Structures are given as C-alpha cells and as structure tokens.
2 protein chains.
Amino acid sequence: MLSNKAQYAFRALTYLVDKYEQGPVLISDIAKKKKIPLKFLENILLELKRAGILESKKGKGGGYYIKQHPSKTSIAAVVRIVNGPISMLPCVSLYFYEHCQNCDEKNCGLHDMMEGVRDATLNILENRTLNDLASGKETL
Amino acid sequence: MLSNKAQYAFRALTYLVDKYEQGPVLISDIAKKKKIPLKFLENILLELKRAGILESKKGKGGGYYIKQHPSKTSIAAVVRIVNGPISMLPCVSLYFYEHCQNCDEKNCGLHDMMEGVRDATLNILENRTLNDLASGKETL
DNA sequence: AAGATACCCTACTGATTTGGTAGGATATTA
DNA sequence: TAATATCCTACCAAATCAGTAGGGTATCTT
C-alpha cells in the first residue's frame with residue numbers, strides 16, 4: 001500500500017496540476033485546500049523539489065509549481081520518490097535492486113512471477129503522468 | 001515490497017511443495033534448510049494453517065504439510081495472509097477496502113490508475129499457484 | 001502409563017519506519 | 001529593512017516489523 005505520505009503527495013500534485021501555469025502556489029494554500037498537515041507537506045514538497053519534479057520561489061509571490069509540463073512526469077517516478085520501490089521483491093526491482101541471497105534468480109518461480117507483476121505494474125505507472133491525475137477530473 | 005515474513009513464508013512453502021505427499025515436514029527441518037529463524041517460522045506456519053493453507057500433525061512423525069493440492073492455492077491468497085493488501089490504495093482493494101475520504105472514487109484519476117494496477121497484478125497472482133514455486137516446475 | 005516428540009499459543013522485546021512537529025536559517029520582494 | 005515564504009535539521013511518539021521466550025497441548029512409542 002502507498003504510505004500516507006505518498007497519498008498526500010499525490011493530492012498535492014493534483015492540486016498543482018490544476019493550477020499549472022497560474023504561478024507559484026503557497027504550501028499553506030495546498031495544505032488548507034487538501035487538508036494536509038502543513039509542516040509535513042512542507043517536507044514532502046521539498047523532497048519532490050530535490051528530486052526535480054517541482055520548482056519553488058521564495059518570498060512574496062512565491063510558492064511551489066510543477067517544473068516541467070505535467071505530461072513529462074510519470075506516476076512511477078513520483079511513487080519511487082515518495083514511497084520507494086514499486087516491485088514486490090528487491091531482486092526484481094529496477095531502481096532498488098538487491099541480489100537475492102535466498103534463491104538462484106535464474107531459477108526461482110517467485111522471482112519470475114514478481115518480475116511479471118513488476119512489468120504489468122510499470123506498464124501502467126510509467127505511461128501515466130501527472131496530467132492523468134487531473135485531466136477534467138475533480139480532486140483527490 | 002513483500003515483508004521479510006512474507007518472503008520467509010514463500011521459501012517455506014516452496015520447500016513444502018517440493019515435499020508434497022511425502023508426509024509431514026518438521027518446522028526445524030524447514031528452518032534449517034531454508035535458513036529461517038525457528039521460532040519466527042513457527043508463527044508463520046501457524047498463521048498459514050489457521051488460514052487453511054497448511055495442515056499439521058503433532059507428535060512423532062508429525063510436522064507441516066500443504067492441505068490441498070498445490071495448484072489449488074493461489075499466490076494472491078498467500079500474499080494477503082502473510083503480507084496484507086495487494087492493492088496500492090485502500091479504496092481500490094477488494095479484500096481490505098476502505099472508503100476514500102479524500103476523493104470521489106467515481107471521478108479520481110489516481111483511483112482509476114491504481115485500479116488498473118490492481119487488476120494487472122491480480123491477473124498474475126490469482127492465476128499462479130504454489131505449484132509455480134516448485135523447483136521442478138510443471139509447464140504452465 | 002510414561003516419556004518423548006513436535007506443534008500450539010500468548011506475550012513480550014528491541015529495532016526500524018511512519019507520521020508528524022519545532023524552530024530557526026535563508027532567500028526574495030517591496 | 002521588514003515582511004514573506006521556502007529551506008533545513010533535528011526531534012518525537014506511535015505503529016509496525018522481526019524475532020524470542022516459555023510453557024501448554026496433542027500424539028506417538030514402548
């Protein structure tokens with residue numbers, strides 16, 4: 001399951017997508033409208049900024065905004081930043097790979113299955129973007 | 001990611017599938033061969049028994065064994081028992097559903113995506129069984 | 001019946017992760 | 001230079017995870 005933090009992140013991003021190209025949005029505005037604890041949201045947005053998803057401006061008229069066009073950022077990328085690995089096993093993870101000390105990866109039934117799950121999942125999450133969070137729809 | 005516990009469970013089950021219809025297997029045997037902490041494994045096997053996946057026999061000649069034919073138990077069922085929900089959001093979970101207080105589920109981009117991920121994942125995990133874990137696998 | 005065998009069961013504990021908060025530092029604008 | 005708003009580190013409580021302890025209970029052998 002996605003962590004609370006990850007779900008907050010997606011709610012905030014949904015809001016920012018809706019305000020795309022309308023100038024920076026205050027953290028406090030997002031927190032209020034999306035009912036997210038202010039200081040916690042602050043940390044989340046900062047993390048998304050460091051990862052290159054968001055950009056920010058300080059001082060009056062400042063705030064956060066989406067860096068690239070929303071269609072350029074995949075949902076998979078966001079999940080990895082705020083929630084960690086997408087795969088169900090370390091030994092099938094593309095971005096968080098760890099060698100499996102329990103099995104011969106070339107000959108492990110579970111490994112094969114989880115590779116399949118990973119591919120099926122990524123096929124969706126890599127091809128959906130921030131745009132798909134809003135696109136005509138209302139809120140999360 | 002699957003918890004340590006879940007990965008232990010799958011390793012133990014793999015062993016039990018290999019020994020299927022060769023009589024009960026000692027916890028201590030599984031623990032030793034699969035390098036799983038004995039007392040922890042004890043709890044895991046007990047949980048799988050209570051959930052109806054395994055059966056056991058006490059006393060000399062006793063041990064654990066798979067209750068039904070391995071092809072009758074899906075990987076999805078095992079994951080739910082030892083690891084919890086398969087879905088990425090409570091509001092798309094079939095077995096651990098919780099109403100989403102953040103969004104209108106009928107009109108939420110993230111909800112739709114995660115429903116897709118759930119279906120793609122279950123399409124694999126519901127149709128693979130304990131048999132697919134075994135070393136000398138039957139062909140699909 | 002007695003003893004040995006092997007699972008059954010509850011409770012506990014330490015380490016890690018999760019879900020935040022606190023409080024000030026830094027950059028920008030007016 | 002005052003106000004604004006993000007930046008940043010550290011901290012904290014609660015929950016979960018990973019595993020242990022210690023005896024209870026059922027079964028088998030002799």
Side-chain angles (χ1 to χ4, degrees), chain A residues 1-12 16 19 23-32 34-67 79 81-85 88 90 96 101-102, chain B residues 1-12 15-16 19 23-32 34-67 79 81-85 88-90 96 101-102:
Chain A
M1 298 270 265
L2 292 180
S3 63
N4 227 324
K5 174 180 164 187
Q7 296 184 47
Y8 284 153
F10 279 114
R11 288 208 274 151
L16 288 174
K19 305 276 188 193
V25 182
L26 295 181
I27 300 176
S28 56
D29 181 20
I30 305 172
K32 194 173 178 183
K34 290 296 184 177
K35 290 174 190 137
I36 302 170
L38 178 65
K39 295 294 283 183
F40 196 22
L41 179 59
E42 215 174 279
N43 291 332
I44 294 168
L45 296 180
L46 194 52
E47 201 171 346
L48 287 170
K49 183 197 171 177
R50 285 179 176 145
I53 307 294
L54 298 180
E55 197 47 88
S56 66
K57 235 188 125 196
K58 288 182 181 177
K60 182 155 195 182
Y64 273 97
Y65 53 98
I66 295 169
K67 192 170 183 179
V79 170
I81 293 161
V82 295
N83 203 73
M88 298 188 85
F96 299 84
Q101 64 269 60
N102 309 320
Chain B
M1 297 268 264
L2 292 180
S3 63
N4 229 324
K5 174 180 164 188
Q7 297 185 46
Y8 284 153
F10 278 113
R11 288 208 275 148
Y15 193 71
L16 288 174
K19 303 278 187 192
V25 182
L26 296 180
I27 300 176
S28 56
D29 181 20
I30 305 171
K32 194 173 180 182
K34 291 295 186 176
K35 288 175 192 139
I36 303 170
L38 178 64
K39 295 293 283 180
F40 197 22
L41 178 59
E42 214 174 281
N43 291 333
I44 294 168
L45 296 180
L46 194 54
E47 201 171 347
L48 287 170
K49 183 196 170 179
R50 285 179 175 146
I53 307 295
L54 299 180
E55 198 45 87
S56 65
K57 234 187 126 195
K58 287 181 179 178
K60 183 154 194 183
Y64 273 97
Y65 53 97
I66 294 170
K67 193 171 182 179
V79 170
I81 294 161
V82 296
N83 202 73
M88 299 187 86
L89 291 176
F96 300 83
Q101 63 270 58
N102 309 320

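Computed from heavy atoms alone, side chains included, the values below leave out hydrogens, waters and symmetry copies. These numbers come from a predicted model, not from an experiment. Order of the sequence lines sets the chain letters (A, B, ...), proteins ahead of strands, with each chain counted from 1.
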What's the [atom1]-[atom2] distance between [X] and [N], to the nearest Å?
X     : N      : atom1 : atom2 : result
B/K5  : D/dT16 : NZ    : P     : 12 Å
B/E55 : D/dA26 : CD    : P     : 15 Å
B/K32 : C/dA6  : NZ    : C1'   : 16 Å
A/Y65 : D/dA5  : OH    : P     : 15 Å

- [ ] Would you check if A/M1 and B/F96 make a side-chain contact, meaning some heavy-atom pair closer than 4.5 Å?
- [x] no
Open item on the list: I'd like to check B/L54 versus B/K67 (side-chain heavy atoms, cut-off strictly below 4.5 Å). Are they in contact?
Closed with: no
Task: With A/N4 via side chain to side chain contact (heavy atoms under 4.5 Å, CB included) - residues at least two apart - done: A/Y8
Task: Residues which pass side chain to side chain contact (heavy atoms under 4.5 Å, CB included) with A/L46, listed by chain and number, not counting sequence neighbours - done: A/R50, A/Y64
Grab the N/O contacts between the protein and nucleotides 28-30 of chain C below 3.5 Å, and write none if there aren't any.
| residue | atom | partner | partner atom | Å |
| --- | --- | --- | --- | --- |
| C/dT29 | OP1 | A/K57 | NZ | 3.4 |

- [ ] Give the C-alpha distance, both sets of side-chain angles, the deciding distance and a yes or no for side chain to side chain contact (heavy atoms under 4.5 Å, CB included) between B/Y15 and B/V25.
- [x] CA-CA 9 Å; B/Y15 193 71; B/V25 182; 3.7 Å; yes
- [ ] Encode nucleotides 12-17 of chain C as B, S and - characters from 5' to 3', where the letter depends on protein heavy atoms closer than 4.0 Å: B to the base, S only to sugar-phosphate, - to neither.
- [x] ------
Task: Phosphate contact (D/dG19 OP1 or OP2) by B/Y8 side-chain N/O below 4.0 Å - done: yes
Task: Side-chain N,O (A/S28) to OP1/OP2 (D/dA5) below 4.0 Å - done: no
TODO: Just jot down the salt bridge (charged side-chain N to carboxylate O under 4.0 Å, His left out) partners of A/K19, sequence neighbours excluded, or say none.
DONE: none
Task: For DNA chain C, the residues among residues 39-49 of chain B that have a non-hydrogen atom under 4.0 Å from it - done: B/K39, B/E42, B/N43, B/L46, B/K49
- [ ] Looking at every strand, decide which applies to B/L38 at a 4.0 Å heavy-atom threshold: base, sugar-phosphate, or nothing.
- [x] nothing
Task: Shortest side-chain distance from A/R50, nucleotide among D/dT6, D/dA18, D/dC8 - done: D/dC8
